[in-house]
Protein chains: 2
Amino acid sequence: MDRARRRRPRVTEDRITLAHGAGGKATQTLVEAVFLAQFDNPALAELADAASLSVDGAKLAFTTDSYVVSPLFFPGGDIGELAVNGTVNDLAVCGAQPLYLSAGFVLEEGFPLADLRRIVASMSSAAAAAGVQLVTGDTKVVQRGKADGCYITTSGLGRCPAGRRLGVGELRAGDAVLVSGPIGEHGVTVLLARGELEIDAELRSDTTALNQLTEGLLNSGATVRVMRDATRGGVATVLNELAAAAGLAVVLDEPAIPVHPAVRGAGELLGIDPLYLACEGRLVAVVDRAGVDSALAAMRARPEGEQAAVIGQVAADPPGLVLLKTEFGGTRIVDVLVGDPLPRIC
Amino acid sequence: MDRARRRRPRVTEDRITLAHGAGGKATQTLVEAVFLAQFDNPALAELADAASLSVDGAKLAFTTDSYVVSPLFFPGGDIGELAVNGTVNDLAVCGAQPLYLSAGFVLEEGFPLADLRRIVASMSSAAAAAGVQLVTGDTKVVQRGKADGCYITTSGLGRCPAGRRLGVGELRAGDAVLVSGPIGEHGVTVLLARGELEIDAELRSDTTALNQLTEGLLNSGATVRVMRDATRGGVATVLNELAAAAGLAVVLDEPAIPVHPAVRGAGELLGIDPLYLACEGRLVAVVDRAGVDSALAAMRARPEGEQAAVIGQVAADPPGLVLLKTEFGGTRIVDVLVGDPLPRIC
C-alpha cells in the first residue's frame, strides 16, 4: 500500500499525550498528520527504521532515535547502552552495516557526574561490541526540573551492501515469521526497576546490538524478506505494521512464542499481552519458507539468537490483520496498541 | 597543538552545572574529560563542527546538535528553524554541502499540537531554503514537568567535495579574519523574548542557513583557511579555539566589528561583551590576506552576508591568545568564557 496515496489521518487532540510517544496508533497518526504533512520526500515517506540514501555512489542508511527511559539504570543495561544498541539495530534491520554514531545529550542541572561517566562508559562498551564508532556529539544543559536527569539522541550512519532487497513489498503468503529470542524482557525489567510491580524476578533487559545477527541471517542462504526490531509496542506493533503495509495477514502460533515466565506473569498482572511489551534486542524476521531452517540455524549460532524460534507465518487472508492461534485452539485478532500502558520504556 | 598529546583536564564538580552546556571552558573540560576519555577515535578527537568520514569512497561530513532554546518562539525564528539551520551550518563550515537531516523530538505531555505544527512547518521552510531534506525522525513524550515543552536534536549528513583543505593547521600569520554580519543578535533577541531585559529594541534573531554563503566563499578564489559559525559563546569563543589550536594569535580591531546598537546596549546592561553573545547565522572565516577582497565581495553578494566585514587578523604573537585593539587605542585580552551568563540560548 502506498502511504502517499492514503488519506492523511488527523490528530484529534489539542495537546500531546503520552500515547503520542508510545509507538502505537497515536504515534503513527502524529507522524503522518504532522511530520509527513510537512516533509514530503520519498526517503521519509517510507517510514522505515532508517532512511536509504545515496551520496556520490555510496549507498547509505541514516537513522535517529531519542532515549528518555526511566530509570536511567536498570538490570542488564542503562540509557547509554540502549541509545547505542537501538540506533545500531535500526540500521541493521534495514540490511545496513552500522558504521558511525552521533550522540546529543540533554542534561539536567545537578545531574551527577558519576552517573554521566557511567552512561558514557557503557555507550563506549556497547559501541565497541557492535563495531561502530561514536564520531560526533553535543551536550546541552537545562535548569533543574526541566529534564529528568539525562536524555540522549543518537543518530547512526551505515553502509548498504549491494543486492540486499528487503522491504514489506517482498512479503509472500507462506513466509515464516521468526523472532530471535524471548520477548518483552526489556519492558518488564524497566517496570520492575521503577518499583511499579510487586514481582520479584531475576529479569534483565534484552538490550543488545543485532548487527552481527542480521549479517549472519542475511548470509545464511535464506531469502530474508524483511527485518524489524521489536521496540516500543513490541512484536505485535511491528507485525501489525508489516501486515498493514503488505496487505497480507500474519498468523501467530501462541505456544511457539518464547516468553520468560516472569514476563508472562507481569503481563497478566498488568493486563498486557507480552506481544506488546518492548524488547531492545530482539529481531523479528520474515523469511522465505524454504530458507527457514538455514535462517533459524544462523540465528541460533549467535548468543543473542540462541533461543530463536519460528512464531508464525504470513497468509493471504485476512489482509492487514495479525491473528493469534491460542494455546487452547482459538484464534483472536492482535490489534494495534492504543494508548500508552508503559511510558518511557526506551 | 595535538589534543591527543595534551594532558586531559579534570572535571572538578560532582554535578552538572549550566556552565557545562554553555560552550565555554566548562563544556570543553567536560567533553575532553568525560567523552574523549571514552571515545577515542580520530574523527571525534578533532572536535570539529562535523566529523569527516569516508564510506565506500564517498567523503562525508556528519554532525549533531541538541536544541533546548527558551522560549521556543522568538522574533525572527523558533526552535525548529534553529535546529535545521544550526545543523546545516555545522556541515557548511567544514566545507561540506549539507544534504540530509534527521530530527529527534522530546515532547512534554500537554505540549500544544498547534505549537508542534508551527515548529515543524518552520523546520520544513528552513530545510527547503537550505536545500536539504529531512529524511528520518523520532518522537518521544515525557510526563508533564519532565521537559520544557519541546527539545529537538538534529543530525546532518553532507558531502565533502574533493580539494577543500580547511582546518586550523592551515592558519598563517597575516591571514584576515572576517565575519559575515553583525554579531550577537540571536542571543539578545532570545533574552528580550524572555522579558529578562528592560530594553525595547527591534531586534530579530540572525538564524539563517550559511551553506550558500560558504559555497560562495569557497568558490570566490580566496584561499579559505578555516570557517566557523559563532554560536554558544559567540565570536570570542570561536576565535579562542582557533588561536589555541593553531598556536597563533588573533588580533581584533574593535571599531571594525559590526554590532547593532541595541546589542551593544544590551551587552552594557548585562556586562557582557557582544563578542560573547551567540549568533545563529554568522560565519567567521579566516582567509589568506591576498584573497580578502574576493572573499568580502563573495560574502556581500549574499543577503545573509551583506554586512560582512574584516574584523582582524592572525598574528604570530602572543601564541594562543585573542587580543582586541579597542576604539581608544588600547589592547586587551579576549579570554575564554567561564560560566554561563546566558543559558538555553540555542
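A note on names: the letters A, B, ... follow the listed sequences, proteins ahead of strands, and every chain is numbered from 1.
Taking chain B as the reference chain and counting heavy-atom pairs below 4.5 Å, the highest number among V55(A), L134(A), V11(A), D90(A) is found for L134(A). The candidate with the highest count of non-hydrogen atom pairs below 4.5 Å against chain A, out of T27(B), D56(B), V31(B), is D56(B). Note on T63(B), N41(B), T139(B): by heavy-atom pairs under 4.5 Å with chain A, the leading option is N41(B). Among E13(B), Q133(B), K59(B), the residue with the largest count of heavy-atom pairs under 4.5 Å with chain A is Q133(B). The candidate with the highest count of non-hydrogen atom pairs below 4.5 Å against chain A, out of G104(B), S155(B), A58(B), A48(B), is S155(B). Highest contact tally toward chain B, considering only A121(A), P42(A), A43(A), is held by A121(A) [criterion: heavy-atom pairs under 4.5 Å]. Across G110(A), S70(A), P112(A), the residue that shares the most heavy-atom pairs under 4.5 angstrom with chain B is G110(A). In terms of heavy-atom pairs under 4.5 angstrom with chain A, the leader among T17(B), D148(B), V120(B) is V120(B). Top candidate by heavy-atom pairs under 4.5 Å with chain A, chosen from F35(B), F111(B), F62(B), is F62(B). When V34(A), I16(A), L44(A) are compared by the number of non-hydrogen pairs under 4.5 Å with chain B, I16(A) comes out ahead.
A heavy-atom distance below 4.5 Å is not found between the side chains of L60(A) and Y100(B). Here the side chains of R344(B) and V142(A) are in contact, with some heavy-atom distance below 4.5 Å. No side-chain heavy atom of F39(A) sits less than 4.5 Å from a side-chain heavy atom of V135(B). Looking at heavy atoms from C-beta onward, L30(A) lies in side-chain contact with L116(B) at the 4.5 angstrom threshold.
Contacts between L101(A) and chain B at a heavy-atom distance below 4.5 Å involve the backbone alone (N, CA, C, O). Looking at E108(A), only its backbone comes within 4.5 Å of chain B, counting heavy atoms on both sides. Contact of A103(A) with chain B is made through the backbone alone, with heavy-atom distances under 4.5 Å. Within the 4.5 angstrom heavy-atom criterion, only side-chain atoms of Y151(A), from C-beta onward, approach chain B. For a residue to count as touching a neighbouring chain, one of its non-hydrogen atoms must lie under 4.5 Å from one of that chain's; by this rule T12(A) does not touch chain B. At a 4.5 Å heavy-atom cutoff, S122(B) makes no contact with chain A through either its backbone or its side chain. Looking at D14(A), only its backbone comes within 4.5 Å of chain B, counting heavy atoms on both sides. L99(A) touches chain B through its side chain: at least one heavy atom from C-beta onward sits under 4.5 Å away, while N, CA, C and O do not. Contact annotation for R232(A): only side-chain heavy atoms (C-beta onward) come within less than 4.5 Å of a heavy atom of chain B.
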- Assess whether side chain to side chain contact (heavy atoms under 4.5 Å, CB included) is satisfied between Q143(B) and L18(A), documenting all intermediate values. CA-CA 7 Å; Q143(B) 297 92 337; L18(A) 289 170; 4.2 Å; yes

- Take T64(B) and T153(A) through the side chain to side chain contact (heavy atoms under 4.5 Å, CB included) test and state the conclusion after the steps. CA-CA 9 Å; T64(B) 197; T153(A) 300; 5.9 Å; no

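The CG atom of L157(B) lies 6.5 Å from the CG atom of L53(A); values are rounded to the nearest 0.5 Å.
The only option from I152(B), L107(B), V106(B) that meets the side-chain contact (heavy atoms from CB on, under 4.5 Å) definition with S66(A) turns out to be V106(B).
We find that D115(A) and R15(B) are not joined by a salt bridge, their nearest charged nitrogen and carboxylate oxygen being 4.0 Å or further apart.
The cationic atom of K140(A) (NZ for Lys, CZ for Arg) lies less than 6.0 Å from the six-membered ring centre of Y67(B) and within 45° of the ring axis.
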